[in-house]
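Here's the structure, in structure tokens; my notes come after.
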Amino acid sequence: MESEQLFNRGFGRNSYNSITSASSDEELLDGAGVIMDFHTTEDDNLLDGDTSPGSNYAMSNGGGGAGASSSTHLLDLLEEPIPGVGTYDDFHTIDWVREKCKDRERHRKINSKKKESAWEFTKSLYDAWSGWLVVTLTGLASGALAGVIDIAADWLNDLKEGVCLSAMWFNHEQCCWDSNETTFAERDKCPQWKTWAELILGQAEGPGSYIMNYFMFTFWALSFAFLAVSLVKVFAPYACGSGIPEIKTILSGFIIRGYLGKWTLMIKTITLVLAVASGLSLGKEGPLVHVACCCGNIFSYLFPKYSKNEAKKREVLSAASAAGVSVAFGAPIGGVLFSLEEVSYYFPLKTLWRSFFAALVAAFVLRSINPFGNSRLVLFYVEYHTPWYLFELFPFILLGVFGGLWGAFFIRANIAWCRRRKSTRFGKYPVLEVITVAAITAIVAFPNPYTRQNTSELIKELFTDCGPLESSQLCQYRSQMNGSQAYPAGSDAAAAPGVYSAMWQLSLALVFKIIMTIFTFGLKVPSGLFIPSMAIGAIAGRIVGIAVEQLAYYHHDWFLFREWCEVGADCITPGLYAMVGAAACLGGVTRMTVSLVVIVFELTGGLEYIVPLMAAVMTSKWVGDAFGREGIYEAHIRLNGYPFLDAKEEFTHTTLARDVMRPRRNDTPLAVLTQDDMTLAELQNIISETSYNGFPVIVSKESQRLVGFALRRDITIAIENARRKQEGIMLNSRVYFTQHAPTLPADSPRPLKLRSILDMSPFTVTDHTPMEIVVDIFRKLGLRQCLVTHNGSWTLRWDCLRSGWCTGLSGHCFLVSVRLPGPTAPESSPGLQGSCRDDRSPR
């Protein structure tokens, strides 16, 4: 659906009937009609998810104390916090400064009371340990769900090929564990496991058997894909995709209600198993981060410290993302670095410790479940025993170049396809698209054994170093003993025909994976990108490794090989090239560096391969950055129109704040509020006739000195609350933001005090402030708006900034200025308002 449909849950400009209605950013801030849309497809009409209630915590910015005697019976908002004030609408950004102030006030209150009684002391201990408790629960849930997903996905994936007669719930490998009739050459064949051709036709070989297995493979793949996309569309549309772009946006302070809710968690867990089992070119590692963050969000509601503070909740989500990567790759340290480098926007030191603990707990739980039966956390854990040599840095760097080129090509191609999906009728039929892609994938993949098998199993085979116990085609060298059969005598590195056959099949698999991954990532099913990218790199790396190996064998007297490679000795490890290629391709797509190297290092368990990994990953990043600095997740954030200020993005403009000020001389005057001489009717007219997110509050129209800043949502909630709880509030009631009520005639209706919703300390800069400093202020302080002054007489409000000119932190780009009379202010421009446009905003 279009952007206006995403926001149709907000209250209209003339509505005061609901204090819980969410004002859309489109209505709140359009200035001169300049908005930033959240473009989505029309099949997202069910994007409502959970509407988890926000915090009812109300923060007072103003001073305390009772009002004048004439207002003793008024609703004093300082004494009675207003429910809903200080909370946020859906598709809005949080105010990090306000949330930190709320947390400090809560902490001071607990410390001041903990010595009063044993109960208060116990409550303070509970509050202090609640952070560790919530990350512990998150780690436990993440590890348990990851184990269930791994086991279920393996079983359903093997179900496409056959079934275990002795125990239906066993996958192929488990079914043959207790069999005494398996052989070394055919270790995956046992009487207990039956293919569909054997069950239906009663024969295991022949054309009819091949066609039946082909049909059943395609049938199960389409069934799993159809069930996955149907569940996502009907029950939880937010469960589609990787989830990492949205997680990055949420951690930067954006509100997406329901994206981390219980329905999303349930459907994502189920459909992730189905999507992986369908054989689509996707992985489960990225969506596991989304699953872990859902767990962290749900558990955070058990603790008021986190449920009532959006900034504190994001500390839990940062730890949860670390736990998600920990169980995805069996890399706890890599998970912490991934959270720090890739997804987190605010990462204090205590979050680092808790992220490490959450990753540890999650990895421990997954290790206890042992889903792969190999006492490892991942299926493709490998160990190499041959060192690498200096001359191998050249092919490693070549793999880095390939990874960077692949990453740049994939990002451009995938974004172009996703943009076409959004802008054409094809995007209106997500079920048909998923079924089409699944059918093409299954039909093309079945004839090739390297595309037919599970992608994680493919990576495992490509990573594995050849030894006497390996029966893969990739390990059919002429002198290798394979069971009781010996190939003709020759050198230890001479490749047999099976290796060359495998090379051709891998080349076809490489082309297939490249094409299908472009069209698969972005479908309306859970779809991760880590495993497909690693598979592409592993295929290319294995091909390069075998080529270098054979080159060293046939030309061992070359100067490159003469010093290190002795005749008959193992010199080249093709599996190491596959691992380096996998890291390079994943780095080219995501532009990850440190965390990626550590993740792959934890996969191999060897320190001596750090240098090849670092060389390949850095090369892939440099090559990829030459074509565009955005990774795939940042590109999808920009495509979807999510408001995100990337801390890694450079601001190159040399403009000042005054250079982007709006309005111009002939634009509409600024809408402002006065502190004590407005009526309720005038205030309502300003709110209904304008669409701004907030209003500067000044002393008076004559003396336009800035008093503070009031948010539109808080004003609306306060008016509704006063009408419900206080009698005598009329349209001609005086509204005041001061400490004491103004002097009024005796027959005047009761005034309304709104001081508690007034931000009396808004952040301000001067109009000569360079724009790069303003952008850094928004990035590092997490501001929601900023006021710009000129000699104490101008105020300019920013709601959003980004590289270029500015972009909306709340989904819009908007500036408001108030110019006060003075020696430097021309008389022809007493009040200015307007907006600024980001020419790079999504279309």
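All values below come from the heavy atoms of this structure, side chains included, with hydrogens, waters and symmetry mates left out. Remember, it's a predicted structure, so these values are computed and weren't measured experimentally.
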- [ ] With the side chain counted from C-beta on, respond yes when Ile247 and Leu317 share a heavy-atom pair under 4.5 Å apart, and no when they do not.
- [x] no
- [ ] Provide the closest heavy-atom pair for Asp150 versus Leu366 in the form atom of the first, atom of the second, distance.
- [x] OD2-CD1, 4.1 Å
Task: Whether Arg412 side chain and Phe627 backbone form a donor-acceptor pair below 3.5 Å - done: yes
TODO: Would you check, one step at a time, whether the test side-chain contact (heavy atoms from CB on, under 4.5 Å) holds for Thr436 with Ile440?
DONE: CA-CA 6 Å; Thr436 302; Ile440 296 174; 4.1 Å; yes
Task: Arg421/Glu433 under salt bridge (Lys or Arg N to Asp or Glu O under 4.0 Å): CA gap, chis, key distance, verdict - done: CA-CA 10 Å; Arg421 179 190 294 129; Glu433 182 184 12; 2.8 Å; yes
Open item on the list: How long is the straight-line distance from CZ of Arg452 back to CG of Asn157, given to the nearest 0.5 Å?
Closed with: 11.5 Å
Can you give each donor-acceptor pair under 3.5 Å made by side-chain atoms of residues 442-449, sequence neighbours left out, with the distance rounded to 0.1 Å?
from	atom 1	to	atom 2	distance (Å)
Asn448	OD1	Tyr450	N	3.0
Asn448	ND2	Gln505	O	3.0

Open item on the list: Using only atom types and a distance under 3.5 Å, with no angle test, would you say the side chain of Ser620 pairs donor to acceptor with the backbone of Val617?
Closed with: yes
- [ ] Please tell me if the side chains of Val544 and Leu399 come closer than 4.5 Å, counting only heavy atoms from C-beta onward.
- [x] yes
Open item on the list: A side-chain contact here means heavy atoms from C-beta on lying under 4.5 Å apart; do Val401 and Leu405 qualify?
Closed with: yes
TODO: Evaluate side-chain contact (heavy atoms from CB on, under 4.5 Å) for Thr464 paired with Leu474, printing each intermediate quantity in order.
DONE: CA-CA 10 Å; Thr464 301; Leu474 292 170; over 6 Å; no
Open item on the list: Is the shortest side-chain heavy-atom distance between Leu523 and Cys240 below 4.5 Å?
Closed with: no
Open item on the list: Minimum heavy-atom separation for Leu393 and Ala615, please, with both atom names.
Closed with: CD2-CB, 4.2 Å
- [ ] State, without any angle test, whether Ser318 and Ser339 hold a side-chain donor-acceptor pair at a distance under 3.5 Å.
- [x] no
Task: Polar side-chain atom of Asp465 near backbone of Gly575 as donor-acceptor pair, under 3.5 Å - done: no
Give the table of side-chain donor-acceptor pairs shorter than 3.5 Å for residues 325-332, with sequence neighbours excluded, one pair per line with atom names and distance.
from	atom 1	to	atom 2	distance (Å)
Ser326	OG	Ala359	O	2.9

Task: Closest heavy-atom pair and its distance - Trp388, Glu608 - done: NE1-O, 2.6 Å
Task: Asn414 side, atom CG; Phe521 side, atom CZ - distance, nearest 0.5 Å - done: 6.5 Å
Open item on the list: Could you measure the distance from the CG atom of Leu337 to the CG atom of Leu596? Nearest 0.5 Å is fine.
Closed with: 11.0 Å
TODO: Could you tell me the separation between the CD1 atom of Ile250 and the CD1 atom of Ile256, rounded to the nearest 0.5 Å?
DONE: 4.5 Å
Open item on the list: If I compare all heavy atoms of Ile267 with all of Leu231, which pair ends up nearest, and what's the gap?
Closed with: CG2-O, 3.9 Å
Open item on the list: A side-chain contact here means heavy atoms from C-beta on lying under 4.5 Å apart; do Met579 and Tyr609 qualify?
Closed with: yes
Open item on the list: Under 3.5 Å, is there a donor on one side chain and an acceptor on the other for Thr590 and Glu342?
Closed with: no
Open item on the list: If the test is side chain to side chain contact (heavy atoms under 4.5 Å, CB included), which one of Tyr259, Tyr238, Phe254, Tyr633 qualifies with Glu246?
Closed with: Tyr259
TODO: With side chain to side chain donor-acceptor pair (under 3.5 Å) as the test, would you mind laying out the steps for Lys513 and Thr455 before giving the verdict?
DONE: CA-CA 10 Å; Lys513 288 287 185 181; Thr455 309; 3.2 Å; yes
Task: Short side-chain to backbone donor-acceptor contact, Ser252 and Thr249, under 3.5 Å - done: yes
TODO: Give, for atom NZ of Lys268 and atom OG1 of Thr271, the distance between the pair rounded to the nearest 0.5 Å.
DONE: 7.0 Å
Open item on the list: Is any side-chain heavy atom of Asn640 closer than 4.5 Å to one of Lys422?
Closed with: yes
- [ ] Go through the side-chain N and O atoms of Ser344 and Lys248 and say whether any donor and acceptor fall under 3.5 Å apart.
- [x] no
Open item on the list: Apply side-chain contact (heavy atoms from CB on, under 4.5 Å) to residues Leu272 and Val525 and explain how you reach the verdict.
Closed with: CA-CA 8 Å; Leu272 179 57; Val525 293; over 6 Å; no
Task: Closest non-hydrogen atom pair between Ser242 and His290, with its separation - done: O-CB, 3.9 Å
Open item on the list: Between Phe519 and Trp417, is the ring centroid distance below 6.0 Å?
Closed with: yes
Task: Check: Phe338 main-chain N/O paired with Glu341 side-chain donor or acceptor under 3.5 Å - done: no
Task: Short side-chain donor-acceptor distance under 3.5 Å, Tyr577 and Glu392 - done: yes
Open item on the list: Could you tell me if Arg425 and Tyr429 have a donor-acceptor pair between their side chains, going purely by distance under 3.5 Å?
Closed with: yes
Task: Residue list, salt bridge (Lys or Arg N to Asp or Glu O under 4.0 Å) with Asp625, at least two apart or on another chain - done: Arg591, Lys621
- [ ] Output yes when a side-chain donor or acceptor of Thr517 lies under 3.5 Å from a complementary backbone atom of Leu282, and no otherwise.
- [x] no
- [ ] List the atom of Val589, the atom of Ile411, and the distance in Å for their closest heavy-atom pair.
- [x] O-CD1, 3.6 Å
Open item on the list: Treating Thr351 as the side-chain partner and Phe347 as the backbone partner, does any N or O pair qualify as donor plus acceptor under 3.5 Å?
Closed with: no
- [ ] Mind telling me whether Phe391 and Tyr389 have parallel, tilted or perpendicular rings, with 30° and 60° as the class edges?
- [x] parallel
Open item on the list: Do Lys284 and Ile531 make a side-chain contact, defined as non-hydrogen atoms from C-beta onward lying under 4.5 Å apart?
Closed with: no
Task: Distance, nearest 0.5 Å, that separates OG of Ser281 from CD1 of Ile514 - done: 10.0 Å
TODO: For atom CZ of Phe512, decide whether the heavy atoms of other residues, nucleotides or ligands shown that lie under 6.0 angstrom number more than 12.
DONE: yes
Task: Over 12 foreign heavy atoms within 6.0 Å of CE, Met614 - done: no
Open item on the list: Taking the side chain as everything from C-beta on, heavy atoms only, tell me whether Phe409 gets closer than 4.5 Å to Ile518.
Closed with: yes
Open item on the list: Run Lys160 and Phe224 through side-chain contact (heavy atoms from CB on, under 4.5 Å) and show every step you take.
Closed with: CA-CA 10 Å; Lys160 294 187 297 183; Phe224 295 152; 4.0 Å; yes
